[in-house]
Amino acid sequence: MNSATTQGKAALELDGLRKSFGKTEIIRGVDLSIGDGERHAIIGPNGAGKSTLFNLITGRFPSTSGKVRLNGQDLAGLAPFQINRMGLSRSFQITNIFPKMTVFENVRCSLLWARGYKYSFWHMVSRAPDLTEAAEAILEQINLTERRDLPAGVLSYAEQRALEIGITMAGGANVIMLDEPTAGMSHSETDYIVDLIRKVTEGKTLIMVEHDMGVVFGLADRISVLVYGEIIATGRPEEVRANPKVQEAYLGAALEAEH
Ligand SMILES: Nc1ncnc2c1ncn2[C@@H]1O[C@H](COP(=O)(O)OP(=O)(O)OP(=O)(O)O)[C@@H](O)[C@H]1O
Ligand SMILES: [Mg+2]
């Protein structure tokens with residue numbers, strides 16, 4: 001198997017993707033195919049363009065050129081919410097919850113949104129028992145059942161990130177994108193979130209930007225290394241770790257920083 005490509009069906013395909021902000025080209029021709037059910041990590045130095053790549057995939061920014069395909073469908077011109085409803089959901093690098101709403105309401109809100117309710121139907125929400133059940137099932141999955149009725153803003157940082165993962169999963173998307181899910185966490189919080197990610201993304205496609213090499217090597221089936229807007233290597237963890245180009249450009253320094 002050529003590890004730069006995938007066997008079987010691709011969940012996500014990037015084809016000659018480019019993005020410039022003004023005169024500066026930030027994403028400089030990215031080709032990547034991520035298989036259905038694969039856990040794929042994107043690593044690289046600060047400012048390499050990882051979050052920008054996420055923003056191109058999710059439709060937040062239009063690309064300058066190139067294609068993004070989700071389950072074989074071209075996403076050109078689609079708005080983020082349309083892409084979301086096609087089964088792709090993301091979390092942001094910065095925590096993105098409603099702090100004054102309860103934990104339960106945060107999840108219910110994301111479910112409503114995913115199901116396409118309009119605001120005028122909000123008064124009907126409490127009368128939708130399946131919605132309550134679905135929200136409770138998600139709370140169970142992310143281990144926040146006991147925090148159900150607390151304002152989300154009082155949760156610990158790790159719990160807030162867990163909630164965010166729940167919100168990201170709520171619409172039932174098959175392709176989940178997480179931008180630095182363990183950023184700013186202690187070792188024990190990181191272990192907790194990694195176990196959670198492993199559990200909730202079972203059978204789904206995961207694309208994750210992550211700086212913590214322990215997390216990357218523990219979770220990813222394959223890794224892509226993005227340096228100055230270009231993928232310099234894609235492969236299984238052991239292949240990427242042994243790649244001299246990667247060692248030189250990034251991994252040597254990143255692994256040293258772990259110790
Ligand atoms: N909306 C924007 N307008 C102009 N420049 C931008 C914009 N978004 C990102 N950039 C620039 O693109 C480059 C890549 O940024 P990006 O946030 O994608 O990097 P990153 O790999 O996610 O970095 P980090 O590891 O620090 O999160 C940076 O130089 C950044 O300043
Ligand atoms: Mg980033």
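Atoms within a ligand are numbered from 1 in the order they appear, just like the ligands themselves.
Other residues, nucleotides and ligands contribute at most 12 non-hydrogen atoms within 6.0 Å of the CD atom of Glu146. Counting heavy-atom neighbours within 6.0 Å of Lys67 NZ, excluding the residue itself, gives a total of 12 or less. When the shell of 6.0 Å around OH of Tyr228 is examined, it contains 12 or fewer heavy atoms from other residues, nucleotides or ligands. For OH of Tyr192, the number of neighbouring non-hydrogen atoms (other residues, nucleotides, ligands) closer than 6.0 Å is greater than 12.
Among Val209, Ile26, Thr24, Asn55, the residue whose heavy atom sits closest to atom 13 (C) of ligand 1 is Ile26. Of the listed options Ser51, Ser20, Ala183, Ser51 places a heavy atom closest to atom 17 (O) of ligand 1.
Residue contacts with ligand 1: Ala48 is placed with a nitrogen or oxygen under 3.5 Å of a nitrogen or oxygen of the ligand (distance criterion only). When only interatomic distances are considered, the shortest N/O to N/O separation between Gly47 and ligand 1 falls below 3.5 Å. At under 3.5 Å, a nitrogen or oxygen of Gly49, whether backbone or side chain, sits near a nitrogen or oxygen of ligand 1.
A distance-only check finds a donor-acceptor pair linking the side chain of Ser89 to the backbone of Thr168 [under 3.5 Å].
A heavy-atom distance below 4.5 Å is found between the side chains of Leu88 and Leu12.
Every atom of ligand 1 with a heavy atom of Glu180 under 4.0 Å away is listed here by number and element: 25 (O), 27 (O). Short contacts between ligand 1 and His211, defined as distances under 4.0 Å to a heavy atom of the residue, involve ligand atoms 25 (O). Each of the atoms 9 (C), 14 (C), 15 (O), 16 (P), 18 (O) of ligand 1 lies under 4.0 Å from some heavy atom of Thr52.
Remark: Arg241 is positioned above the aromatic ring of Phe217, its terminal NZ or CZ atom under 6.0 angstrom from the ring centre and at most 45 degrees off the axis.
Contact annotation for Asn46 and ligand 1: heavy atoms of both the backbone and the side chain come within less than 4.0 Å of the ligand.
For residue Thr52, no N/O/S atom approaches the Mg ion (ligand 2) to within less than 2.8 Å.
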